[in-house]
Amino acid sequence: MSTDVDAPVETGRAGPPSGRTPRFVVAALVAARNAWRQLTSMRTALVLLFLLAVAAIPGSILPQYSVNREAVDRYRAAHPDLAPVLAKLWGFEVYSSPWFAAIYLLLFTSLIGCITPRLAEHARALRTPPPDAPRRLERLPHSAELAVADESAARAALKGWRTVRREQPDGTVTLAAEKGYLKEAGNLLFHSSLLVILVGVGIGAQWGWHANRLVVTGPDQAFCNTLQQYDDYGLGPQVGPGDLADFCLELTGFKADFRENGSPISFEATTQVTDAHGRDLGSRTFAVNHPLRLDGANVYLLGHGYAPVLRYTDAKGVTQQTVVPFPFTDATLTSQGVAMFPDANGGAKDAQLGFDGLYLPTRDKAPYAVSDFPLERSPVLVLTAYRGDLGLDAGITGSVYELDQRQIETGRLKRFGDAKLLRKGETWTLPDGSRLEFVGTRQWITVSIRHDPGEQIVLVGVILLLVGLPLSLYGRRRRVWLKLRPDGTAQAGGLPRTEYPGFEDEFASLVERWRR
Amino acid sequence: MAALSDNLLIVTIMSYVVAMLLHAAEYSFGGRGVIAKAAAAPARELVGAGGPPVVEESPYAAPPAPAAPRRRINAELIGRAAAVVTAVGALAHVGTIATRALAAGRVPWGNMYEYVLAVTLLGVAVWLVTLWRNPQVRHLGLFVMLVEVLLVGVAGMVLYTPVGPLVPALDSYWFVVHIGAVATSSSLFLVGGAASAMYLVRSGYDAGKRGFLYAFGARLANAEAVERLSFRLHAFAFPIWTFGVTAGAIWAEAAWGRYWGWDPKEVWAFISWVVYAAYLHARATPSVKRSVTAWIAVLGFVTMLMNLFGVNIFFTGLHSYGGLD
Ligand code: HEM
């Protein structure tokens, strides 16, 4: 409460120590009560709010694990001395750090301590009728003398006010009216809604999960919602691998639209979905800003690109086909990737085949280095072949997007023939008579799959907050009294309980209506 | 259309610069400050009507030097001219944005350049309405116009982006709602922040400070009135800001799958929100001095600027506004 908080905090000296309670217990109780008063004071709330604002700053300067894991890794590599110290101080996970939590938990404790007594107080105020008119209304900030003919007309003017009628022994009737209870109610609603939001955020953090995945079109590339299927994921502490909703998803199509200058207009993915109960949900589309909302998870479209389909027939005539998603390097979808055939030539360690590829969805003149447009207008694939040991089973999981450079440097993997430019459907015959066919391309998308069970609670909290806030800020508590004397004369008085400039006009217009 | 928009921008900036200079001139030619003028309000009426200046009624005008009344008329006229030029600039500003919207065929706040133009236009609108309703705070114009010239200037020179379409990530209802609310509240915070700054100068002057800036205090409006104005602007802006941030969170949920991810822009929105909440608390606590409260308001606006410029330029986040590519 804004007024009594600023009263000086009591000193540790309690009154005369009572006979039975030991002195130190009394002292401890007094100290505890003072600490509590201090914590729930408006000043403490102010200080904690400031601390919270300041504590949030480092998280916008330092890279954060929760925002961008790679950025943290880059930062740690670039600052080998400073990074370990920062890491110890939770510098890369500010918003889940104990010190950040300490601040907001203290703030919320203060908040609870602050609003609980006010809730009780307000409940009492709602039950208590407006007090009787002070004896001398002319001492109020606003007052007037008038003649009122009719009491019921006077009461009609107080529609919307909480009014109490009292009769004095001498026949004088007083009307006491009050308005603006919603101000305090709104304030309490607003502060309580902050707690609702905190609970919702907490539930989301504990029981929510998310995962990212790249999906290529085609039934052979469909996947189900299990952890093994994900490139990376994060589970809340209360979530186990078995708790994920089990739906399955196949990307059946992807459509991107661009303007002539290459800027994107829209992206839309079409999927075939089987839900957690094994029901076929049929074809569902989703797009940027329009996620696929499933029972137990939402699927968000993040990015897209091309995956060349390559068929390799080795010298012995054995054929393998692979679909390799190529990550893009620019807005026109110049894409780069690799295709590896470790089983070529019977899987001999020195005769494996790897291809370094550059895919340009639109390019029809040299140099074949960058694409001119993100859609496939005249696609070309530029390949360089390598033969030897791909280094795949050395126990180190290499990147699936580039060949192992160490193998090339040490000569275990050698350039095989010249680079080759292929168009869709073309076949390249390598020096050993083996053949590589550029069968075509498929599309790939990256999706984020998320489940946050606290979301609805947060939304409710925010709505309550948005209702309470204006009530609290713009509400005006005020009282008026009308004293009707038996002789037909009357006296009116008004008292704004929260200062606001408009009360004078409001009171004047009330008096005006009473006069009539 | 796009070229017309660019030309109108120049008219806008020039008008604001002229308005700012006129406000500055009003300071230098002004007599004894707005307090004196407010106290001498009846006298001012007569001056406005063209009659001889009747300054005797003013308690502050006791020993007028022979030239003083003349100079005061000039100051009054200059001040009014500043308001008129501001209004002209605002019209050109509306034109700049409208022609750009027509050229692009969409809402005109699809990148940082357009966003800053929208915020500053709303800021001028808020200022003109404030001026209309409280003519006695006209001196605040120098502060408001200074911020306006800086922001519009930076928009035109640093952030300028040719007319272009929206990227798909921005193609959402929530985009319109979110940016609309954030821009509106930012403009209110802008004028409110300027009023708090003015209060600090004036109250500093009243407390006997005479250093750089405080010397202007003599010419500024009544400190209490400006402080109350600042509070009303902030109290009006805060729920709109809260709503704007909420709309952003709802949009983020639809676009990225999480309503809040501590992306740098979100961090600074949070910081501003907390600082303004602290302002409202401080304002409601009797033992906190009004000057402290005013400093919090100024700090709040600094955090808003940090979000607008600092975050877009120094940090890369998910927000499509980010970066100056
Ligand atoms: C979680 C952090 C908090 C936030 C974000 C917050 C925010 C706000 C805001 C925005 C207002 C302005 C609305 C109004 O003036 O009616 C307000 C008012 C108020 N807050 Fe808080 N608050 C917080 C915590 C607290 C705490 C811990 C206390 C108790 C010490 C408190 C006590 C009050 C009171 C008494 C008012 C009414 C001021 C008045 O008389 O107008 N708040 N709060």
Side-chain angles (χ1 to χ4, degrees), chain A residues 2-3 5-6 41-43 45-50 52-54 56-57 59-61 64 66-68 71 94-95 201 204 208 210 256-257 259 261 263-267 287-291 298-302 447-450 452 455 458-459 462-463 465-466 469-470 472-474 499 501, chain B residues 164-175 228 232 235-236 238-239 242-243 245-246 249-251 253-268 270-275 277-282 284-288 296 299 303 306-307 310-311 314-318:
Chain A
S2 48
T3 41
V5 230
D6 293 305
S41 80
M42 197 81 155
R43 270 169 178 270
L46 256 177
V47 170
L48 288 172
L49 279 168
F50 267 111
L52 190 64
V54 172
I57 295 175
S60 73
I61 297 167
Q64 299 293 298
S66 61
V67 179
N68 187 340
V94 167
Y95 307 106
V201 171
H210 67 90
D257 251 340
R259 293 190 183 77
N261 67 4
S263 67
I265 300 171
S266 69
F267 306 115
V288 177
N289 286 327
H290 299 282
N298 296 327
V299 184
Y300 299 86
L301 179 60
L302 298 184
V447 291
S448 172
I449 300 167
R450 292 181 170 260
D452 182 345
E455 224 169 70
V458 174
L459 185 63
V462 168
I463 291 171
L465 185 149
L466 285 169
L469 191 54
S472 170
L473 279 169
Y474 311 138
E499 61 141 289
Chain B
L166 282 185
V167 296
L170 296 183
D171 191 3
S172 158
Y173 299 120
W174 287 110
F175 165 67
R228 239 176 295 127
R232 284 185 24 216
F236 187 39
F238 188 77
T242 309
F243 173 73
V245 174
T246 305
I250 294 176
W251 178 24
E253 196 281 333
W256 303 316
R258 84 291 182 297
Y259 54 86
W260 198 267
W262 298 108
D263 167 274
K265 258 200 125 88
E266 294 167 352
V267 172
W268 281 90
F270 173 80
I271 292 173
S272 299
W273 193 77
V274 171
V275 171
Y279 167 82
L280 293 174
H281 274 188
T285 312
S287 65
V288 175
I296 301 176
L299 182 68
T303 66
M306 178 64 198
N307 207 354
V311 172
F314 301 129
F315 311 136
T316 47
L318 286 167

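Convention: sequence-line order gives letters A, B, ...; per-chain numbering from 1. These numbers come from the heavy atoms of this one structure, side chains and all, not from hydrogens, waters or symmetry mates.
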Does any heavy atom of chain A fall under 4.5 Å from the side chain of B:Trp260, the backbone, both, or neither of them?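 When you check distances to chain A, no heavy atom of B:Trp260 falls under 4.5 Å.
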Of the non-hydrogen atoms in [X] and [Y], which two are nearest, and what is the gap between them?
{"X": "B:Ala254", "Y": "A:Pro291", "value": "O-CD, 3.3 Å"}
{"X": "A:Leu49", "Y": "B:Val274", "value": "O-CG1, 3.0 Å"}
{"X": "A:Ala53", "Y": "B:Val275", "value": "CB-CG2, 4.0 Å"}
{"X": "B:Gly257", "Y": "A:Tyr300", "value": "CA-CZ, 3.0 Å"}
{"X": "B:Ala235", "Y": "A:Leu473", "value": "O-CD1, 3.6 Å"}
{"X": "A:Glu455", "Y": "B:Tyr259", "value": "CG-CD2, 3.8 Å"}

Does any heavy atom of chain B fall under 4.5 Å from the side chain of [X], the backbone, both, or neither of them?
{"X": "A:Val47", "answer": "neither"}
{"X": "A:Ser266", "answer": "backbone"}
{"X": "A:Ile57", "answer": "both"}
{"X": "A:Leu459", "answer": "side chain"}

4.5 Å side-chain heavy-atom contact, B:Trp262 and A:Val94: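 A side-chain contact under 4.5 Å is absent here.
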Apply side chain to side chain contact (heavy atoms under 4.5 Å, CB included) to the pair B:Trp251 and A:Asn289, showing each step before the final yes or no. CA-CA 7 Å; B:Trp251 178 24; A:Asn289 286 327; 3.0 Å; yes
When A:Leu466, A:Ile449, A:Asn261 are compared by non-hydrogen pairs under 4.5 Å with chain B, the top option: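 With the most close heavy-atom pairs to chain B, the winner is A:Leu466.
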Nearest 0.5 angstrom please: [X] [atom1] to [Y] [atom2], how far?
{"X": "A:Ser60", "Y": "B:Ile271", "atom1": "OG", "atom2": "CD1", "value": "5.5 Å"}
{"X": "A:Asn298", "Y": "B:Glu253", "atom1": "CG", "atom2": "CD", "value": "6.0 Å"}
{"X": "B:Phe238", "Y": "A:Ser472", "atom1": "CZ", "atom2": "OG", "value": "10.0 Å"}

